[in-house]
Amino acid sequence: MAEAKKVFIKTYGCQMNVYDSGRMADVLAREGYEAAEAPEGADLVVLNTCHIREKAAEKVYSEIGRLRILKERARSAGRDLRIAVAGCVAQAEGAEIVARAPAVDAVVGPQSYHRLPAILERARTGGPAVETEFPPEDKFDHMPPVGTAAPKRGPTAFLTVQEGCDKFCTFCVVPYTRGAEASRPVARIVEEAERLAAQGVRELTLLGQNVNAYRGAGPDGAWSLARLLSRLAALPGIERLRYTTSHPRDMGEDLIAAHRDLDRLMPYLHLPVQSGSDRILKAMNRRHRRDDYLRIVDRLRAARPDLALSGDFIVGFPGETDSDFEDTMRLVETVGYAQAYSFKYSPRPGTPAADSAAHVPEPVKAERLARLQDLLDCQQKAFNAGMAGRTVPVLLEKAGRRPGQLIGRSPWLQAVQVDAPPALLGAIVDVRIVEAGSNSLFGALPGNRATMRAIA
Ligand code: SAH
Ligand code: SF4
Ligand code: F3S
């Protein structure tokens, strides 16, 4: 029997890329590929790339440089190492990638992963292949079932339900790299969720670039995300639901009500606002005002008082003044975030804001980012500190660093380290939080004095 081919997939960027990498592995498993632990010794390396900020795209070219050396070494040993670039850099740069990096065999955009075997075959016979069209068919309809590559998985999983973006924020490449908003049909999502539940998944995170813009074909017309969530909440085995990333404009009444009505929907929401200044929000084409966002947060908290919020922020957007930035600081103080991501504005080729004449100097961006991150860190610490002494349900996901220790997640997505037997992996257990660090919590199973001593 021929030796199995090995593929190493390296993932950059957002959770949708993580999900896609898993699905590419499923597609390649059907072609006889097994997962490799490292690029060394692999027959194929797939870089699933991100284009969101300048640094993200640069990383890809330096990685290709390293792989080129491996490829040359493989060749002198009489082997072949093929390199494929997938993801958002593939979509944005297309044929430029093979022009700049001739070691690359194939370039495949995010909507063409089901065609990966055919693209690789084309590259094998005809030299570098580039596929960055947006094909009319849904890639997921033409893939083997989820779990084909790795039927054993941990208790949490991502499930992409929506892709693409029609919002065109003036700083962002996603509408160009992922294409127009499209939602998967309800039946396909339910089928995939059932399969994941059968594989041991207890917590599902529904993904979409604009997940709350979900409008998928249901048995009786288009369904909203709220309806989809309530359908999935009824699936046996799925105990926890999350969704990400949401846009404030699509935070509909029924979705807010879902936070009140669905116990299985976790009390944690990533709801990026980017800026607290109306002027900047307008220049970003976010199409909502600061107050609209604050009102949504109030309604969410009225529906689910223990809801914790997470957000994304950009500092130094072109034209951002000190006073605009202070508006962002004040918004953060008003909302109070449990967690957040913040970035310096990074001009992206082809986006409207990149052409602005009013770029903010780098040192100003750096200073604003440092101030914002201090405030956000403080809020995160305070949020975590508030957990000390409480007992919270934790989904135990994986082994911890120390033997006898497991790591899980609280409903608010905090990592919790706890001494617990491996038999509890995949279970949701009550854990008493003994100590709160800034990035993770330390807990003990109630009644387990040994555990408490070990932690203390
Ligand atoms: N769809 C999501 C965001 C996807 S991109 C939303 O609308 O919120 C993830 C985050 O990257 C964004 O929320 C934004 O904060 C950041 N980002 C996107 N483009 C950027 C750029 N050009 N410079 C800096 N940060 C950027
Ligand atoms: Fe980018 Fe805006 Fe679309 Fe989010 S909503 S993906 S930030 S264009
Ligand atoms: Fe990056 Fe593309 Fe996701 S640009 S953030 S990988 S949608």
Side-chain angles (χ1 to χ4, degrees), residues 10-21 24 47-60 85-93 109-111 113 132 158 160 162-182 207-214 243-251 269-276 280-281 283-288 293 296 309-318 320 328 337 339-356 359-360 362 365-366 368-369 372-373 376:
K10 180 158 180 174
T11 309
Y12 303 80
C14 62
Q15 294 106 322
M16 305 202 56
N17 266 10
V18 174
Y19 176 81
D20 285 345
S21 288
M24 281 193 266
L47 300 179
N48 192 8
T49 63
C50 173
H51 203 239
I52 202 81
R53 282 169 294 275
E54 195 180 2
K55 282 207 182 103
E58 269 168 17
K59 274 193 212 151
V60 175
V85 178
C88 291
V89 176
Q91 187 63 44
E93 310 229 316
Q111 302 312 334
Y113 297 152
T132 52
F158 293 138
T160 292
Q162 182 276 344
E163 277 209 274
C165 180
D166 299 338
K167 300 282 190 295
F168 291 93
C169 300
T170 54
F171 52 82
C172 183
V173 293
V174 171
Y176 313 97
T177 62
R178 293 276 172 169
E181 283 180 8
L207 299 181
Q209 264 94 22
N210 273 289
V211 71
N212 57 347
Y214 177 85
Y243 61 92
T244 197
T245 293
S246 296
H247 193 290
R249 277 183 61 89
D250 295 314
M251 212 64 224
L269 180 65
H270 184 60
L271 191 63
V273 65
Q274 316 297 354
S275 167
I280 296 298
L281 287 171
M284 287 176 163
N285 191 34
R286 291 292 288 183
R287 296 193 295 152
H288 65 78
Y293 182 85
I296 291 167
L309 282 160
S310 146
D312 289 343
F313 299 89
I314 295 177
V315 301
F317 183 83
E320 186 188 72
T328 299
Y337 288 90
Q339 217 255 326
Y341 303 91
S342 44
F343 315 97
K344 288 191 241 175
Y345 168 71
S346 168
R348 307 308 292 130
T351 59
D355 297 331
S356 162
H359 283 293
V360 172
E362 191 55 34
K365 283 188 198 173
R368 287 181 189 164
L369 186 66
L372 177 60
Q373 289 188 338
L376 290 166

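Computed from heavy atoms alone, side chains included, the values below leave out hydrogens, waters and symmetry copies. In each ligand, atom 1 is the first atom listed, and ligand 1 is the first ligand listed. Remember, it's a predicted structure, so these values are computed and weren't measured experimentally.
In plain terms, the two heavy atoms of Gly87 and Tyr113 that are nearest each other are N-OH, 2.8 Å. The shortest non-hydrogen separation linking Asp250 to Asn210 is OD2-OD1, 4.3 Å. Listed here is the closest heavy atom pair of Val174 and Cys165: CG1-CB, 4.1 Å.
Considering both main-chain and side-chain atoms, Phe171 comes within under 3.5 Å of ligand 1 through a nitrogen or oxygen pair.
At the top of the distance list for atom 3 (Fe) of ligand 3, counting protein heavy atoms only, stands Cys14 SG, 2.3 Å. For atom 8 (O) of ligand 1, the nearest non-hydrogen atom of the protein is Pro272 CG, 3.2 Å. The protein heavy-atom contact nearest to atom 1 (Fe) of ligand 2 is Cys172 SG, 2.3 Å. Nearest non-hydrogen protein atom to atom 23 (N) of ligand 1 is Ser346 N, 3.0 Å. When only non-hydrogen protein atoms are considered, atom 4 (Fe) of ligand 2 lies nearest to Arg286 NH1, 4.3 Å. With respect to atom 24 (C) of ligand 1, the closest heavy atom belonging to the protein is Lys344 O, 3.3 Å. Looking only at protein heavy atoms, the nearest one to atom 6 (S) of ligand 3 is Asn17 ND2, 3.2 Å.
The heavy atom nearest to atom 16 (C) of ligand 1, out of those in Met16, Gln274, His247, Arg53, is found in Arg53. Selection from Asp166, Ile314, Val174, Ile52 by nearest heavy atom to atom 6 (S) of ligand 2 gives Val174. The closest heavy-atom contact to atom 7 (O) of ligand 1, among the options Lys167, Arg286, Gln209, comes from Arg286. Residue Asp312 holds the heavy atom nearest to atom 9 (C) of ligand 1 of all those in Asp312, Thr245, Asn210, Thr170. Among Gly164, Ser246, Cys169, Cys14, the residue whose heavy atom lies nearest to atom 8 (S) of ligand 2 is Cys169.
Side-chain polar atoms of Glu54 and Ser346 form no donor-acceptor pair below 3.5 angstrom.
Neither the backbone nor the side chain of Met16 has any atom closer than 4.0 Å to an atom of ligand 3 (non-hydrogen atoms only). Proximity of Pro175 to ligand 2, defined as any heavy-atom pair under 4.0 Å, is confined to the side chain (atoms from C-beta onward). With a heavy-atom cut-off of 4.0 Å, Arg348 touches ligand 1 through its side chain alone. Residue-level proximity to ligand 2 for Phe168 is carried by the backbone, the only part with a heavy atom below 4.0 angstrom.
For atom 21 (C) of ligand 1, the protein comes within 4.0 Å by at least one heavy atom.
Note: Lys344 NZ to Arg53 CZ = 12.0 Å, rounded to the nearest 0.5 Å.
Judged by the shortest distance from any of its heavy atoms, Arg178 lies outside the 4.0 Å radius around the atoms of ligand 2. Contact between Ile52 and ligand 1 is present, with at least one heavy atom of the residue lying under 4.0 Å from the ligand.
Each of Tyr341, Tyr337, Phe343, Phe171 was evaluated against Phe313; a single residue qualifies, Tyr337, per the ring-ring contact (aromatic ring centres under 6.0 Å, His included) test.
Backbone or side-chain N, O or S atoms of Cys165 reach atom 3 (Fe) of ligand 2 at under 2.8 Å.
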